[in-house]
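Remember, predicted model here, so these are calculated numbers, not experimental data. Atoms considered below: every heavy atom in the structure, side chains included; atoms not considered: hydrogens, waters and symmetry mates.
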Amino acid sequence: MENEIKDNIKLPENAFTELKEGEEYQPVMSPNKAYPEVNGWSVTWGVLMAILFSAAAAYLGLRVGQVFEAAIPIAIIAVGVSTAAKRRNPLGENVIIQSIGACSGAVVAGAIFTLPALYILKDKYPEMSASFINILLSSLLGGILGILFLIPFRKYFVKDMHGKYPFPEATATTQVLVSGAKGGKQAKPLLLAGLVGGLYDFIVATFGWWNENFTTRVFGWGEMLADKAKLVFKVNTGAALLGLGYIVGLKYAFIICLGSLAVWWLIVPAMALMFPDTVLNQWDPSISTAVGAMAPEDIFNAYGKYIGIGGIAMAGIIGIIKSWGIIKQAVGLAAKEMKGNKTAAEKLPRTQRDIPFKIIAIGSIATIIITFIFFWAGVMEGNLLFAVVGILLVAVIAFLFTTVAANAIAIVGSNPVSGMTLMTLILASVVMVAVGLKGTGGMVAALIMGGVVCTALSVAGSFITDLKIGYWLGSTPRKQETWKFLGTLVSAATVGGVMILLDKTYGFASGQLAAPQANAMAAVIDPLMNGIDAPWVLYAIGAVIAIVLTWLKVPALAFALGMFIPIQLNIPLLIGGAINWYVTTRSKNEEVNRERGEKGTLIASGFIAGGALMGVVSALLRFAEVDVLNTEWLANPLSEICSLVAYALLIVYLIKSTKKA
């Protein structure tokens, strides 16, 4: 009987394709049956994963500057412990473990991108305050808002847009959970690919047998092009990113890469030509080098990525306008339920039941009121005007940009939360200065507001992944949504504790903690609160690009993501997408092409899972000061040539393995 159940566990053929007129998606777990989901086992393991991975992610993100995504490692552990304990029908339980545990990565990203900036600035301005309760509340309230604001859009993203978005991370996690539940033949290719991808990335990160990136600087002509023309080509040769590109597919990968090349090969060289001897530092007084004397990478960091932020913000606004109908529909449903008009919610199948909109509406209003009281009493020192302006900014930005975060995750599996938070911080700073709150009080207020928004967007983006996994597998959305709040509370408390521990042990201003995003936020907010302007011109250029792309019917968010994310992380997406196109078009038999595509998705998921898991192990070794990295060899240009050879072998393995489908 047990083997019979295992044999029936497989993703349907239409799991990753658009549905035809009248076609319904039937998940792995039948909507008409009840399965073990929420119980002592799944909640205990979920909470344990949330604590463990929140502490690990916060520690590594701040100490080493390396933020990892927790969903896939947690799914692998969930499968492992359920197999070891011989759990019957553990698929529903494993989804809940993964859903609660995955709060860790989302809350950590939201917290460590902004809140350590409080400690960094406190060293410069001792009168500033940074308390555990402020960190806990900003993370917790932001996380709760992110969950509540996303639930009304669940149906649109996971059901209505089925097959239209690639959902790379959700795909990889789902493959892990299905293969683990099935065991046997289906688990083998995933496990093998996980081993290959994991070992490959582990060797690079831990031992440095070959370089992580290949750049044209290894050649004399490449160095000259970078110095004189500010033109450089870079590609990250990791297995996880190659797998991510395969799942994203050629269409979106191509648009993302176009955005990247537009900044790196057009805007960066053009800026060096236009301002050869000019120091552009109106919005960043720390810049002291003329644009023409900068390396291409420095021009991108100082100017190029801000154009990307402007593009993301405008693409987000356009997305909000386009999805206004969905927003109105969601709000309208909530209003109907508030009036007491019962919908057919009870008659819906188990797999389509959400938390009632009435509870979402009341919960959202209650959370906004609590956040307002927190701002008024704990952050704005009793000033009613500042608190009102602050809560209006936070509520509007968090609600509107929730769909943008979910959209970005659905397309590329990467949430541009740091870009959107930077925009929030700048808007918050400008508005708060306009109403009279400036100096150190303004810095604390803007950073706490940024922390709430950042966590809301991070949790919303991460949660759409969980809900898509649940949709594919047949979980009960209401159970996922309800228990997500517990994971958020546990993660927020853990992150707050780790942050205070790190500050007491090392000190954020000591230079012993990397905290790259928080340092960037501190660098932006300090001058703004002291009367120095923001790079509005660069934001405007990005915004105009997004408007023109929308007019040309090109997905502006994908293009803007490419402008914001460094080139070496975008090129692998194009390579992976091209492999996907290649393996799914070689045969004249469409069925063979489809099977190869599915086998490729399984192998790509293994690459992502192996890379994510071994990335954590490698970072932990680095934290434990086990340093066996061959830095002398990595400085040698030959190490980059070796990376190309290793990368070529990895690509051959991916292509050859798909042909065995």
Inset, instruction - Answer yes or no: is there a side-chain heavy-atom contact under 4.5 Å between Asn593 and Glu590? - result: yes

Please set out all donor-acceptor pairs under 3.5 angstrom arising from side-chain atoms of residues 254-266, sequence neighbours excluded.
residue: Ser260; atom: OG; partner: Asn570; partner atom: ND2; Å: 2.9
residue: Trp265; atom: NE1; partner: Val232; partner atom: O; Å: 2.9

Inset, instruction - Would you mind reporting whether Leu192 and Tyr653 have side-chain heavy atoms less than 4.5 Å apart? - result: yes

Inset, instruction - Under the side-chain hydrogen bond (donor to acceptor under 3.5 Å, both in side chains) rule, collect the residues that match up with Asn14, sequence neighbours excluded. - result: Glu23

Inset, instruction - Please confirm whether Tyr200 and Trp209 have ring centers closer than 6.0 angstrom. - result: no

Legend entry - Pair Asn211, Ser643: side-chain N/O donor-acceptor within cut-off below 3.5 Å: no

Legend entry - With sequence neighbours excluded, residues passing side-chain hydrogen bond (donor to acceptor under 3.5 Å, both in side chains) with Tyr165: Asn407

Inset, instruction - May I ask you to check whether over 12 heavy atoms, not counting those of Trp45, lie within 6.0 Å of atom CH2? - result: no

Inset, instruction - Kindly determine whether Glu93 and Ser82 satisfy side-chain hydrogen bond (donor to acceptor under 3.5 Å, both in side chains), including the steps that lead there. - result: CA-CA 9 Å; Glu93 293 175 339; Ser82 66; over 6 Å; no

Legend entry - Salt-bridge contact Glu297-Arg217 (side-chain N to carboxylate O under 4.0 Å): yes

Legend entry - Side-chain H-bond candidate by donor/acceptor type, Asp466 with Gln98, under 3.5 Å: yes

Inset, instruction - Determine whether the side chains of Thr237 and Glu212 contain a donor N or O and an acceptor N or O closer than 3.5 Å. - result: no

Legend entry - Qualifying residue, where the test is side chain to side chain donor-acceptor pair (under 3.5 Å) with Thr215 and the options are Glu223, Lys234, Gln568, Glu640: Glu640

